[in-house]
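Values in this document were obtained by computation on a predicted structure and should not be read as measured data. In the text below, chain A, chain B and the rest are named by the order of the sequence lines, each starting its count at 1.
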Number of protein chains: 2
Amino acid sequence: MIRFAKRFIKMLNMSKKPTLQTVAQKAGVSIPTVSQVLRGTGRISAKTQKKVMDAAKALHYVTDGRAASMRSGQTSEIGMIIHYIANPFNAELISGVSDTLEKEGYLVSILDSQDNVERQQRNIEAFIRSSRGALLWVPATNTPHDTLDLLNTHNLPIVTFLRGAYEGIFDHVGIQNEAATSCATEHLIHLGHSKIAYFGGVGASETRIRRVEGYEKALRANGLDYSLVWDAKDDKVSGLEAMLSLREKHPEVTAIVCNGDVVALGASHALRRLGEVPGKSFSIVGFDDIQDASTATPPLTTIAIEPYNFGIKLAQVLINRLKNPKSPTATTLLPFELKIRATTDVPIADNS
Amino acid sequence: MIRFAKRFIKMLNMSKKPTLQTVAQKAGVSIPTVSQVLRGTGRISAKTQKKVMDAAKALHYVTDGRAASMRSGQTSEIGMIIHYIANPFNAELISGVSDTLEKEGYLVSILDSQDNVERQQRNIEAFIRSSRGALLWVPATNTPHDTLDLLNTHNLPIVTFLRGAYEGIFDHVGIQNEAATSCATEHLIHLGHSKIAYFGGVGASETRIRRVEGYEKALRANGLDYSLVWDAKDDKVSGLEAMLSLREKHPEVTAIVCNGDVVALGASHALRRLGEVPGKSFSIVGFDDIQDASTATPPLTTIAIEPYNFGIKLAQVLINRLKNPKSPTATTLLPFELKIRATTDVPIADNS
DNA sequence: CAACAATGATATATCGTTATATCAATTGTA
DNA sequence: TACAATTGATATAACGATATATCATTGTTG
């Protein structure tokens, strides 16, 4: 059961706000007539239309979406719940989604769950309370079943993305995580590395599990038995610190496959601080291809996923779902590309 | 006059959605009773309260905010319009705002105007239509008067931020732009630079005008007559390219005061590409102190503004406004700090 | 014990729209 | 000319909640 928000905004000066009533009076017609003109039903004469439009414009009339939505059972508001807004990959993705959906007349609100299930629950309740008509969702790690019950009761169209925890139940737009890290790992193996670690991420999010699987699969396929997963939170400073401790505790490791470009760049920075040269003494493969990946020194070898395009694709999948509510759920996996730049090379033993 | 959004979402399966009616029936009480229990008016007996709460929980009831808001004249939804979401400074700022306001029970929706006045107009209309109760706003460059008319008609509490175009009219939370760039410029002058350019930004946004003024004021105060403003869009690649062309066309310039860290880092990268060393052959001062500023090579001398704290402060100013609707409008300027790192030094002529 | 206040629950009107049904005025056809 | 069909506008009910007024039922007091 949901309690109300603690604080409310008392709307000021309600008297000033124009309504259909106000416009109808000024135009000298009835309320339904104004409503029809504004919605463009085409059942009103040109002369009356002009009168109404003029009045509405003069009064700066804007439809009250709450009333309209309540009566018509339709809405143009879409909610999005993501685990971390400020990450540059996600921020670009959000831009792609918003631009596409706004162009179609929708309004997107974004909430940051911080990958926390209680916060996610509150976010979903907030969206239901505010009558969002659809949801774009990155499910938080260990989402409880109660959350699904809530979503199911209120029955809104949902597209999950990035994390494929509910493929088949909802539409999904994702990344070929397993294939991508396999590809990255094989790239390092072909260069001659045998002590390769998986670097970055924390805990068992869907995405990370898949990526680690891809990494391990590539190791197995090439008969390598050394395997190591090293945690690091998803920011540059954490990547830097984790790399320093990795070098100290596991000097045998000569290459890492990273959970994201941000930690990869942090790791790269750590190497330079240790007087090493990324790509020479040690190889690094990133993930995401954020803008900084190509402009960093040295430029980062990474898995490229274009976040803005991902956002566009995600928006399109949602639009499709809304147009065809009855169609079966589908999963869309976007392609990736391994961009080989300067942070990967043959291991130093073979090199010297 | 505002037309409706082009597309709507037809809400499915309305029958399943629980309402006060449903809960009242299950609990065996009247609708107003349920409403009172859920709002916690305290006028209902403990025994009845329990019956109602149990029923509501079992049905996964969530209040319909549209109906509640329409009837009560109160809302907990806040809109935010910013010129660019994906910029890391802004993304962090947004996190600060959202976290603070969510904690207080508000729901924040963010729209990206892309500093385009038509798009901004549509954004504002969307927010009015969707009955946001307050607005956090970075006014787009050259905002027309019609936009202000619209805002004025619908009369919602507004706090502008970053760009102080409407100080006195609305509450404002900003940066001491002029003082900050003056400080940065004087730092360079004291090091011995005399050919200093202002670098980055495009067009005449409020913020940029103030910053350029601060730069020029410092030049005048120190009797320097060389002055140059060099455009660059606010991303790293544009900063890189602009720097290359600046070096080519104005080799006399030995230092730049930047409009933001992102372009400053691009410029720094361009120097390295030219075989120069930022801080040795050429000095750079950034603006914002984003995370990358301190971890870059070399670490960037910059004006520090903590975006997350800025967001918190902004949220607090809004909360204050909502609590005291009648209080006079106020402007809050957050302090800055010049962080001297490695990209500024005495000019090369004196150095060699 | 009558009169009155306090308590707990309910009846009713209302917020601003849109959907449906209705009605008046106009046009077309036999 | 009469009657149906069409067009243009309106009257009315409903969406789901809350505010206000009301109504029983208790408990209190002189």
Any side-chain heavy-atom pair from B/Leu322 and B/Glu104 closer than 4.5 angstrom? no
Please state how far atom NZ in A/Lys51 lies from atom C1' in D/dT10, giving the value in whole angstrom units. 13 Å
Contact class for A/Ser45 (heavy atom, under 4.0 Å): base, sugar-phosphate, or nothing? sugar-phosphate
If you draw a 6.0 Å radius around CG in A/Asp149, do more than 12 non-hydrogen atoms from other residues or ligands fall strictly inside? yes
Quickly work out the B/Asp64 CG to C/dT14 P distance and round it to whole Å. 21 Å
Euclidean distance, atom CG of residue B/Leu20 to atom C1' of D/dC15 [Å, nearest integer]: 13 Å
Closer than 4.0 Å, any side-chain N/O of A/Ser72 to the OP1 or OP2 of C/dT18? no
Could you say whether A/Gln21 or B/Arg71 is positioned toward the 5' end of DNA chain C, judged by the nucleotide with the nearest heavy atom to each? B/Arg71
Side chain of B/Thr48 (C-beta onward), nearest among C/dT17, D/dA9, C/dA9: C/dA9
Of the listed nucleotides D/dA19, C/dT10, D/dT10, the one nearest the side chain of A/Gln36: D/dT10
Residue A/Ala68, side-chain heavy atoms: nucleotide from C/dT17, D/dG8, C/dA19 that is nearest: C/dT17
Rounded interatomic separation in angstrom, taking CG from B/Leu59 and P from D/dG16: 14 Å
Please determine if a side-chain N or O atom of A/Arg66 lies less than 4.0 Å away from the OP1 or OP2 oxygen of C/dG16. no
Are any of the side-chain heavy atoms of A/Phe127 and A/Ser109 separated by less than 4.5 Å? yes
How would you label the contact of B/Thr19 with the nucleic acid (heavy atoms, under 4.0 Å): base, sugar-phosphate, or nothing? sugar-phosphate
Take B/Arg119 and A/Glu102 through the test salt bridge (charged side-chain N to carboxylate O under 4.0 Å, His left out) and record every step on the way to the result. CA-CA 10 Å; B/Arg119 197 169 154 139; A/Glu102 276 171 41; 3.1 Å; yes
Tell me the interatomic distance from B/Leu38, atom CG, to D/dG16, atom C1', rounded to whole angstroms. 13 Å
Aromatic plane relationship, B/Phe310 with B/Phe161 - under 30° parallel, 30 to 60° tilted, over 60° perpendicular: tilted
Does the side chain of A/Tyr61 get closer than 4.0 angstrom to OP1 or OP2 of C/dG16 through an N or O atom? no
When the distance from NZ of B/Lys17 to P of D/dA17 is rounded to whole Å, what number comes out? 7 Å
Provide, to the nearest angstrom, the distance between the CD1 atom belonging to B/Ile44 and the C1' atom belonging to D/dT18. 13 Å
Does B/Ser35 make a side-chain N or O approach to OP1 or OP2 of D/dA17 shorter than 4.0 Å? no
To the nearest Å, how far apart are B/Ile128 CD1 and C/dG16 P? 15 Å
Whichever of B/Ala67 and B/Arg43 has the more 5' nearest nucleotide on DNA chain D, that residue is B/Ala67
Of the listed nucleotides D/dG16, C/dT10, D/dA9, the one nearest the side chain of A/Thr33: D/dA9
Checking A/Ile110 against A/Asp112 for the side chain to side chain contact (heavy atoms under 4.5 Å, CB included) test, could you report, in this order, the C-alpha distance in whole Å, the side-chain angles of both residues, the deciding distance, and whether it holds? CA-CA 7 Å; A/Ile110 301 121; A/Asp112 189 331; over 6 Å; no
A/Met70, nearest nucleotide to its side chain (from D/dC15, D/dT18, D/dT10): D/dC15
